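Please read the structure below before turning to the comments.
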Amino acid sequence: MPARAAAQTTPADLPRADYGWTLRALDGGTLTLEAFRGRVLFINLWASWCTPCVRELASIERLQDALREHDVAFLAVAAESEASARRFLRSRSYALPFYVEEQRAPPAFPLRGIPTTWVVDREGRIAHVRHGEAEWDRPEVVAWLRTLAEPTGR
């Protein structure tokens, strides 16, 4: 998981995020990732028809709850139409901020399928990529993200 990946690379080796990715918030407004520059980003690309995506949403929400006091922005990005995402979310009560893609993920964010999750550190480096489902609220993940969110965290 993150600790193992961190041992294999140095911060200078990590790929850079593309802050030009444009998203539309389901609660209104269009933005780019630029709005989150300087914060740790947890970006999850999901779809309502993807069973593993739906299964991991609850653990992402618990992770967000565990990190409320830390500077981590959560973005649950639906890789489907706004209408489909809204239909799915209407009957559920998630507290995550949901978005849809105004454009596909740029090449800086490697994608092999969904779900895919990227963690971007404060300096704009992609510190972790996960293709596939995960239990995001595990203690070691919470601890790692807390460390990343510290002003001098690595």
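On a predicted model such as this, the values are computed, not experimentally measured, just so you know.
Relative to the six-membered ring of Phe88, Arg92 meets both conditions, a distance below 6.0 Å and an angle of at most 45° to the axis.
Looking at heavy atoms from C-beta onward, Leu26 lies in side-chain contact with Arg86 at the 4.5 angstrom threshold.
Annotation for Glu135 and Val141: closest pair O-CG2, 4.5 Å, computed over non-hydrogen atoms.
Between the SG atom of Cys53 and the CD1 atom of Ile114 there is a distance of 4.0 Å, given to the nearest 0.5 Å. Here CZ of Arg55 is found 12.5 Å from CD1 of Ile60. Values are rounded to the nearest 0.5 Å. One finds the OG1 atom of Thr51 at 9.0 Å from the CD atom of Glu133 (value rounded to the nearest 0.5 Å). Between the CG atom of Leu57 and the CD atom of Gln64 there is a distance of 11.5 Å, given to the nearest 0.5 Å.
In terms of hydrophobic clustering, with Ile, Leu, Val, Met, Phe, Trp and Tyr side chains grouped at heavy-atom distances under 4.5 Å, Tyr19 and Leu111 are assigned to a common cluster.
Here the options are Phe42, Trp118, Phe36, Phe98, the test is ring-ring contact (aromatic ring centres under 6.0 Å, His included), and the partner is Phe74; only Phe42 passes.
At most 12 non-hydrogen atoms from other residues, nucleotides or ligands lie less than 6.0 angstrom from CD of Glu69.
Judged by distance alone, with hydrogens and angles left aside, the side-chain atoms of Glu61 form a donor-acceptor pair with the main-chain N or O of Ala95 at under 3.5 Å.
In this structure, Arg37 pairs ionically with Glu34, as a charged nitrogen and a carboxylate oxygen lie closer than 4.0 Å. In summary, Arg146 and Glu150 do not engage in a salt bridge, as defined by a charged side-chain N under 4.0 Å from a carboxylate O.
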